[in-house]
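Lettering follows sequence order; numbering is per chain, from 1. Only heavy atoms go into these numbers, but all of them, side chains included; no hydrogens, no water, no symmetry mates.
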2 protein chains.
Amino acid sequence: MSYTYEYPHPAVTVDCVVFGLDDDDLKVLLIQRDIDPFEGKWAFPGGFVEIDEPLEKAALRELKEETGLNKIFLEQLYTFGKPDRDPRERVISVAFFALANIRDHRIKAATDARNAAWFDVKNIPALAFDHQNILITALERIKGKVSYQPIGFELLPKKFTLNQLQHLYETILERPLDKRNFRRKILGMDLLEETGETEKNVAHRAARLYRFDKIKYNALLKKGFIFEV
Amino acid sequence: MSYTYEYPHPAVTVDCVVFGLDDDDLKVLLIQRDIDPFEGKWAFPGGFVEIDEPLEKAALRELKEETGLNKIFLEQLYTFGKPDRDPRERVISVAFFALANIRDHRIKAATDARNAAWFDVKNIPALAFDHQNILITALERIKGKVSYQPIGFELLPKKFTLNQLQHLYETILERPLDKRNFRRKILGMDLLEETGETEKNVAHRAARLYRFDKIKYNALLKKGFIFEV
DNA sequence: TGACAAAGTGTCATTTCTACACTATTATTA
DNA sequence: TAATAATAGTGTAGAAATGACACTTTGTCA
């Protein structure tokens with residue numbers, strides 16, 4: 001079967017930059033390509049958009065096919081369209097980004113992916129295509145966004161300590177924050193709910209566990225509340 | 001001539017949302033389509049990306065062809081890809097947005113545009129394709145961006161009064177600002193240079209004219225300065 | 001039971017924000 | 001030429017937010 005057009009058409013792909021947090025490090029999910037071009041190289045999960053498929057749906061499908069990751073929230077990041085970014089033909093790629101809790105998801109490679117794994121953003125192998133650029137763009141976005149949208153909570157377990165939350169912000173923003181000031185600000189927003197529980201199996205005083213109250217957040221939003229860290 | 005592919009390919013277009021400021025109103029540049037589909041309807045300037053052409057270059061080319069607007073700074077806005085957004089075939093459109101000073105540019109329609117004109121964003125005719133969505137996205141973007149990037153200056157003449165600047169912010173943000181607080185904040189940033197000149201031909205005390213000092217701004221940026229209004 | 005490790009807590013000085021009203025200047029008009 | 005109309009231009013004080021800073025509490029483990 002073949003498809004003919006009066007004018008040349010580019011191919012369109014989607015790519016997904018999924019961030020995760022693993023103890024101390026910010027990570028991204030990569031797959032090792034099992035097909036040419038760039039066979040054996042690491043890249044962001046992604047692939048061709050089907051002709052009647054919405055972009056976001058294509059991204060979710062590819063993500064699931066290649067890594068097993070399912071049902072996560074994707075946000076459009078940027079569209080990469082340099083004419084020579086793919087050696088096969090003109091390929092325009094719509095990149096998405098997402099946050100995921102590493103422990104909640106079991107990654108497993110499939111279809112065009114030989115392998116799938118989380119990599120520390122500070123230690124990324126050489127990437128296929130222009131995916132290095134995509135990574136840079138995604139890091140800028142997450143850094144810019146984390147301060148004024150409560151997206152960070154997606155990276156943590158449902159119940160988390162204030163120290164974990166502070167650590168997350170310090171990791172993404174790449175600067176230290178004052179413990180007391182951080183707590184004052186976060187708790188003052190009235191977005192966190194105490195679970196009444198504390199950490200288990202730690203060799204020191206156990207910290208209180210909180211959960212993010214999305215309903216409260218949405219209610220505050222309607223009243224003009226602005227999240228800011 | 002025809003082009004054949006093993007798999008179906010979407011077409012890719014670019015669209016440009018150009019904002020301008022005319023006295024009291026925020027405007028956008030629209031063209032009236034001279035060809036099907038949506039012949040006679042108003043739409044954002046744009047068109048098909050050539051097979052070896054970067055996206056931004058395509059946007060600049062279409063903008064110039066259809067409206068005469070030349071050499072303005074475009075920023076990628078969002079990519080619109082719903083499968084049925086174009087009745088002809090699957091078309092994925094990469095939208096850009098830009099700011100322009102209306103008085104500096106003479107608009108003239110050409111090629112596929114029967115007409116080109118500025119429209120008050122509060123009073124937009126029915127638009128072709130999903131361009132209403134594109135407009136909404138662009139308005140959100142400019143509103144979100146104007147407060148923390150000094151983009152507003154692009155909309156004003158080179159020399160402008162503080163009242164013009166304040167009015168611009170009030171128009172985009174859709175809320176009133178306090179005159180004294182606004183002046184204190186803007187002047188305190190040390191980004192504006194007094195020209196020494198004043199307004200001409202006004203029936204009241206003439207206001208001082210300022211210009212935006214981009215060199216100073218870039219220097220401050222390097223020192224970690226954050227613009228915020 | 002003492003040492004260790006992290007949790008949890010308050011204050012003060014500085015800066016920033018907000019709300020608010022009158023005088024100065026210029027062109028126009030009576 | 002004096003009065004009027006229109007906008008320019010200016011300061012302050014109270015409230016809120018920020019940033020810097022160190023010790024006590026609680027639990028585990030040796």
**Message:** Please report the distance, rounded to the nearest Å, between CG in B/N181 and P in C/dT16.
**Reply:** 14 Å
**Request:** Starting at atom CZ of B/R183, determine the distance to atom C1' of D/dA8, rounded to an integer number of angstrom.
**Result:** 6 Å
**Request:** Using atom CD of A/E199 as one end and atom C1' of C/dA6 as the other, report the distance to the nearest whole Å.
**Result:** 9 Å
**Asked** What's the OH-P distance between A/Y210 and C/dG8, to the nearest Å?
**Response** 6 Å
**Message:** If I take atom CG in residue A/N201 and atom P in nucleotide C/dA6, what distance separates them, rounded to the nearest angstrom?
**Reply:** 16 Å
**Message:** Applying a 4.0 Å non-hydrogen cut-off, can you work out what A/R208 is touching in the nucleic acid: base, sugar-phosphate, or nothing?
**Reply:** sugar-phosphate
**N/O donor-acceptor pair under 3.5 Å between B/D213 side chain and B/K216 backbone** = yes
**Item:** Donor-acceptor pair present, B/R180 side chain and C/dA21 base, under 3.5 Å
**Value:** yes
**Prompt:** Taking the six-membered ring for Trp, is the centroid-to-centroid distance between B/F153 and B/F160 below 6.0 Å?
**Reply:** yes
**Message:** Any base atoms under 4.0 Å from B/K179, or only sugar-phosphate, or nothing? Heavy atoms, all strands.
**Reply:** base
**Prompt:** Starting at CZ of B/F182 and ending at P of C/dC20, how long is that distance when rounded to a whole Å?
**Reply:** 20 Å
**Asked** Tell me the side chain to side chain donor-acceptor pair (under 3.5 Å) pairs involving residues 137-160 of chain B, sequence neighbours left out?
**Response** B/E75-B/R141, B/E75-B/K145, B/K143-B/E174, B/K159-B/E197
**Request:** On the 0 to 90° scale, with breaks at 30° and 60°, tag the A/F225-A/F227 ring pair as parallel, tilted or perpendicular.
**Result:** perpendicular
**Asked** Whole Å only: how far is the CD1 atom of B/I226 from the P atom of C/dT16?
**Response** 13 Å
**Request:** Without swapping roles, check the side chain of B/Q32 against the backbone of B/A113 for a donor-acceptor pair under 3.5 Å.
**Result:** no
**Side-chain-base donor-acceptor pair under 3.5 Å for A/R205 and C/dA6** = no
**Complete:** Quick note, A/A203 side chain, CB onward, closest among C/dT26, D/dC29, C/dA7 is D/dC29
**Request:** Ignoring hydrogens and angles, answer whether the base of C/dA6 and the side-chain atoms of A/N163 contain a donor-acceptor pair closer than 3.5 Å.
**Result:** no
**Most 5' of A/V202 and B/L187 on DNA chain D, judged by nearest nucleotide** = B/L187
**Prompt:** Do the side-chain N or O atoms of A/K185 get closer than 4.0 angstrom to the phosphate oxygens (OP1, OP2) of D/dT18?
**Reply:** yes
**Prompt:** So what does B/D178 touch, heavy atoms closer than 4.0 Å: a base, only the sugar-phosphate, or nothing?
**Reply:** base
**Prompt:** Roughly how many Å is it from CD in B/Q164 to P in D/dG9, rounded to a whole number?
**Reply:** 11 Å
**Asked** For the side chain of A/R184 and the base of D/dA17, is some donor closer than 3.5 Å to an acceptor across the two?
**Response** no
